[in-house]
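Because the structure is a prediction, the values reported are computed rather than measured. Throughout, a chain's letter reflects where its sequence line sits, starting with A, and its residues are numbered from 1.
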Amino acid sequence: MELAIECQKLSKHYPHFDLSNIDLSVPTGSVMGFVGPNGAGKSTTMRILMGLVTPDTGTVKVLGCDMPGQQVRAKQEVGFVAEDMRLYASQSLGFHMDFMKSVFPAWDDKFADALLKRFDLVRDQKTKGYSHGQRIKAMLLLALARKPRLLILDEPTTGLDPSARHEILQQLMDVLEDETRTVLFSSHNTLDIEQISDHITFILNGRIHSSSDKETFLDSWRRIRISFNDHDRPDDSAIVTSQISGSLTVITTNTFSDQSLNAWKLQGCVHAVERMNLEEIFLACVENEREQRS
Amino acid sequence: MNPSMIRKLVVKDLTIMKPWILSYWAGGFCAIVLAIFGGESFGTFAFILFITALGAAGVHTIIQTIVLERTEMNLPFIMSLPITSREYTLSKIIGNLAIFLGVWLTLSAASFIIFIGDALPRGVIPFFCILLLSILFAYTLMLTTSLVTEGMGWTIGATVVANIGTQMFLWSISELHGIRSVIGGNEPVWNSTSLGVIGAELLVIVACLIGATFVQFGRKDIL
């Protein structure tokens, strides 16, 4: 399997935060949703991938290029958009488009004009008058029209209204019709991630919590309502969170399978087995991580 | 190194600063015209306007192209382009020097027209050159401080230090025998004192630029 991004044992120490042993593999042509709460290390990881931050230890390869050593070659084919990124307020979008065209030989004028219309942006308007949604759309236009092989998007939908979010996600899905294009998409909005990703990586407190393809990931999680037989508590390692309400215990597990269900049934009366959406899984992970820290 | 990208970044900064630079140029030339034709009554005002135009051109360019680029979060956008942090640093040094030297050199050269008439004794010329170089040094101090510290507070601090320091420096220099004894003469005298001060100023300017480049090149992270 060809990898667009390959990180091994990445670590970066800051006075109040540590990114530890990050292993991340993003297959070419896939959409990796990079999920984590605020301050989990998503942006730091992405900045390392872009060569903007040098890790203390570990190796990074982006599109086959070692980072940050070969960042110039890699960044020729990477489009990067971050929520906190800003264009020059005193200049128009047209100025930025012309500038990008001068830098990237693959810049596609027709596609850029089509995106201008689709995103309802005015080429000659100065960007200081842009709303947050317009700004994100403008940056996405600048990233997409250069026809990158890899898109790294750091919280691009944060703070957008539902219609702007829908427009941007729709555009991303259109872009992904090209199966050779890879997207790494970070967000703490699990709905967005669930909608467009085919792989999911959870990062919590500077560490990768889990990483796999979406279907396998969602299939491995269940919420089980069970009344345990007395003195017959199950193996704790299979439980991510548990809530006891009278004789009923509601547990979440990330190692669900037919065999594990049979094992649960031997330990008590299983009342219900429910699939979980990404948001519920996300909350369970965060709760589990907080419990472990405390 | 990627000279083509460095050139594009420099041109980008020049384009962004163009309207402002033209206005500082206009201010500087107005000051020179005022000094030539305004007589003694406008002499001091012309001098203040001249220094202000040069100073504002320097401070504004540094704040706009280095400090605000970071605080306004334009830097992640620029660093997403195919460049390294070293190329970015070089583009900032070259771009800022190109903009400021463009203003400084043309206004400095034009200001020597004043000495054609009788408005000022030509003996002032060496001291005037020292003054112009001290403005260039003050600018270099602000530029290198903003590059290394990347902060508004430090840059403002460097501006204050450069402003006060330049005045104290010029006052001290004017008190030197080698300068004071020849300043009122009809012809410029390039003695060891004036040449020594000019040489020292040039040396410190170059040292500041090399030092800042060295520090920036040693950095691992740009964001």
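- When heavy atoms are compared at a cutoff of 4.5 Å, A:Gln91 approaches chain B solely by way of its side chain, counted from C-beta outward.
- Proximity to chain B (any heavy atom under 4.5 Å) is restricted, for A:Arg146, to the side chain, taken from C-beta onward.
- For A:Ile48, no part lies near chain B; criterion is any non-hydrogen pair under 4.5 Å.
- Heavy-atom neighbours of B:Trp154 CH2 from other residues, nucleotides or ligands within 6.0 Å: at or below the threshold of 12.
- The contact between B:Met5 and chain A is made entirely by side chain atoms (from C-beta outward), counting heavy-atom distances below 4.5 Å.
- One side chain, A:Asp154 or A:Ser43, offers a donor N or O that lies under 3.5 Å from an acceptor on the other.
- Atom CG of A:Leu141 and atom CG of A:Leu116 lie 5.5 Å apart (nearest 0.5 Å).
- The aromatic rings of B:Phe42 and B:Phe45 stand perpendicular to each other, their planes meeting at an angle above 60°, with 30° marking the opposite boundary.
- Only the side chain of B:Asn2 has a heavy atom closer than 4.5 Å to any heavy atom of chain A.
- Of the listed residues (A:Ala74, A:Ser102, A:Ser90), the greatest number of heavy-atom pairs within a distance under 4.5 Å of chain B belongs to A:Ser102.
- Rounding to the nearest 0.5 Å places CZ of B:Phe29 at 14.5 Å from CG of B:Leu34.
- Looking at A:Met100, the atoms closer than 4.5 Å to chain B (heavy atoms on both sides) all sit in the side chain, from C-beta outward.
- When heavy atoms are compared at a cutoff of 4.5 Å, B:Leu75 does not approach chain A at all.
- Interface remark: of the candidates B:Thr15, B:Leu68, B:Thr84, B:Thr84 forms the most heavy-atom pairs closer than 4.5 Å to chain A.
- The parts of A:Tyr88 that come within reach of chain B are both its backbone and its side chain, each placing non-hydrogen atoms under 4.5 angstrom from that chain.
- In this structure, OG1 on A:Thr57 lies 7.0 Å from CG on A:Asn21, to the nearest 0.5 angstrom.
- Atom-to-atom distance recorded for B:Phe37:CZ and B:Ile32:CD1 is 11.5 Å, nearest 0.5 angstrom.
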